[in-house]
Visitor: 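One structure is given below, represented as structure tokens, and several questions about it will come after.
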Amino acid sequence: MSLCLVANWKLNGSKEFNHQWALEFLRNFNGNNFSILGIAPASLYIDHLKTILTDCDIEIGSQNIDLEETGARTGEISASMIKELGCAFSIIGHSERRMLFHETNQMICQKLIQADNNSVIPILCIGESAEENQSNNTFNVLEQQIIEALENANELSALIIAYEPVWAIGSGKTPKPEEINSVHEMIKDVVQSRFPKIGLESVLYGGSVNFKNASSLFEQKNVDGALIGGASLDGREFALIANVFNELRV
Ligand code: 13P
């Protein structure tokens with residue numbers, strides 16, 4: 001089974017935070033691990049988190065990788081490096097990286113290939129802006145992001161897509177669950193029809209997911225899980241969300 005709930009800790013965390021988070025998570029998680037959980041901490045803490053979470057079934061991943069394998073690229077981290085540290089996955093093309101670090105779909109495509117070459121599962125993030133949403137352009141924008149990111153990476157052995165509307169991230173707003181469901185259906189259709197050689201494992205939703213709205217999202221047929229920012233920083237809340245997921249998806 002593919003990754004279902006993934007915590008994106010963004011630029012947060014410390015060794016102390018990791019310990020406290022693990023305590024809170026383990027205290028509240030009901031242990032019925034029907035889903036596969038993942039955490040993407042800041043890359044510096046991948047190793048530390050691996051040692052803390054040895055006894056639980058949680059995969060660790062990175063929030064980004066470089067588009068090259070080696071070279072004069074100060075500050076970057078490659079897919080093979082995170083693989084060596086035991087990472088199972090990497091988030092790629094998050095909207096914050098697209099906006100703050102000017103990542104293009106072409107760069108994202110190269111990163112997807114790097115991940116695949118190193119048997120790291122890429123979680124490709126796509127999402128529309130508030131304006132694009134208001135002008136009813138969501139489907140077109142997402143389709144274009146998918147096609148541009150995948151057209152030269154059309155034989156990925158595994159892929160997870162995370163639909164994260166930019167306007168829903170950290171805002172407390174989400175599209176209606178039924179709207180998310182139809183977007184996910186469209187994403188699956190586009191990938192399966194245009195890129196039949198890609199092993200699309202699941203489509204996750206991201207953007208203001210929390211314990212309160214989790215069940216309404218997980219009840220949707222095409223929502224295979226979630227990529228969670230703010231609420232995942234609280235080990236207890238992440239555990240409660242995982243419990244909701246497990247109850248609904250047994
Ligand atoms: P929030 O859950 O804080 O809205 O963040 C979502 C996100 O960006 C996950 O990648």
Side-chain angles (χ1 to χ4, degrees), residues 2-13 17 21 25 35-43 45-46 49 58-65 82 87-101 103 108 111-112 115 120-130 132-133 138 141-142 145-146 149 159-177 179-180 183-184 187 201-218 220 223-242 244-245:
S2 180
L3 283 160
C4 300
L5 298 180
V6 178
N8 177 6
W9 285 358
K10 307 190 181 184
L11 186 55
N12 296 287
F17 172 92
W21 190 97
F25 176 81
S35 55
I36 299 184
L37 309 175
I39 304 177
S43 297
Y45 294 120
I46 289 170
L49 214 53
I58 298 186
E59 298 287 0
I60 307 296
S62 72
Q63 299 172 12
N64 179 37
I65 48 169
I82 64 152
C87 282
F89 69 92
S90 177
I91 299 171
I92 292 181
H94 191 281
S95 60
E96 287 152 15
R97 295 218 51 94
R98 292 176 189 256
M99 286 185 295
L100 301 171
F101 302 97
E103 284 191 12
I108 288 163
K111 294 183 180 206
L112 294 172
V120 168
I121 299 175
I123 302 181
L124 166 65
C125 298
I126 57 172
E128 82 286 2
S129 67
E132 289 161 344
N133 182 275
T138 299
V141 169
L142 297 177
Q145 286 175 354
I146 293 170
L159 174 69
I160 294 173
I161 292 185
Y163 168 50
E164 300 207 309
V166 178
W167 53 274
I169 295 176
S171 65
K173 296 183 207 152
T174 64
K176 293 197 184 76
E179 286 168 1
I180 296 173
V183 170
H184 283 209
I187 292 170
E201 294 196 347
S202 52
V203 180
L204 312 180
Y205 169 75
S208 297
V209 176
N210 55 39
F211 173 57
K212 285 194 187 138
N213 61 21
S215 60
S216 68
L217 298 169
F218 299 152
Q220 301 299 317
V223 175
D224 303 316
L227 180 56
I228 309 174
S232 77
L233 293 172
D234 181 336
R236 177 172 179 273
E237 184 158 10
F238 192 68
L240 297 181
I241 295 171
V244 169
F245 188 87

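All ligand and atom numbering here is 1-based and tracks the order in the structure.
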Visitor: Return the set of residues passing side-chain contact (heavy atoms from CB on, under 4.5 Å) with Q145 (not counting sequence neighbours), or none when no residue passes.
Guide: R98, N105, I126, V141, L142
Visitor: Look at the rings of F17 and W9 and say which category their plane angle falls in: under 30° parallel, 30 to 60° tilted, over 60° perpendicular.
Guide: perpendicular
Visitor: Considering the options I121, I123, V120, which one meets the side-chain contact (heavy atoms from CB on, under 4.5 Å) requirement together with S90?
Guide: V120
Visitor: Quick one: table the atom pairs, ligand 1 N or O against protein N or O, below 3.5 Å, distance rounded to 0.1 Å.
Guide:
{"residue": "ligand 1", "atom": "2 (O)", "partner": "G229", "partner atom": "N", "Å": "2.9"}
{"residue": "ligand 1", "atom": "3 (O)", "partner": "G230", "partner atom": "N", "Å": "2.8"}
{"residue": "ligand 1", "atom": "4 (O)", "partner": "G170", "partner atom": "N", "Å": "2.7"}
{"residue": "ligand 1", "atom": "4 (O)", "partner": "S208", "partner atom": "N", "Å": "2.7"}
{"residue": "ligand 1", "atom": "5 (O)", "partner": "K10", "partner atom": "NZ", "Å": "3.4"}
{"residue": "ligand 1", "atom": "8 (O)", "partner": "K10", "partner atom": "NZ", "Å": "2.7"}
{"residue": "ligand 1", "atom": "8 (O)", "partner": "H94", "partner atom": "NE2", "Å": "2.8"}
{"residue": "ligand 1", "atom": "10 (O)", "partner": "N8", "partner atom": "ND2", "Å": "3.0"}
{"residue": "ligand 1", "atom": "10 (O)", "partner": "H94", "partner atom": "NE2", "Å": "2.9"}
{"residue": "ligand 1", "atom": "10 (O)", "partner": "E164", "partner atom": "OE1", "Å": "3.2"}
{"residue": "ligand 1", "atom": "10 (O)", "partner": "E164", "partner atom": "OE2", "Å": "2.9"}

Visitor: Backbone N or O of I160 within a donor-acceptor pair of the E201 side chain at under 3.5 Å?
Guide: no
Visitor: Give the ring-plane orientation class for F238 versus F25, where under 30° counts as parallel, over 60° as perpendicular and anything between as tilted.
Guide: tilted
Visitor: What are the two closest non-hydrogen atoms of F218 and V223, and how far apart are they?
Guide: CD2-CG1, 4.4 Å
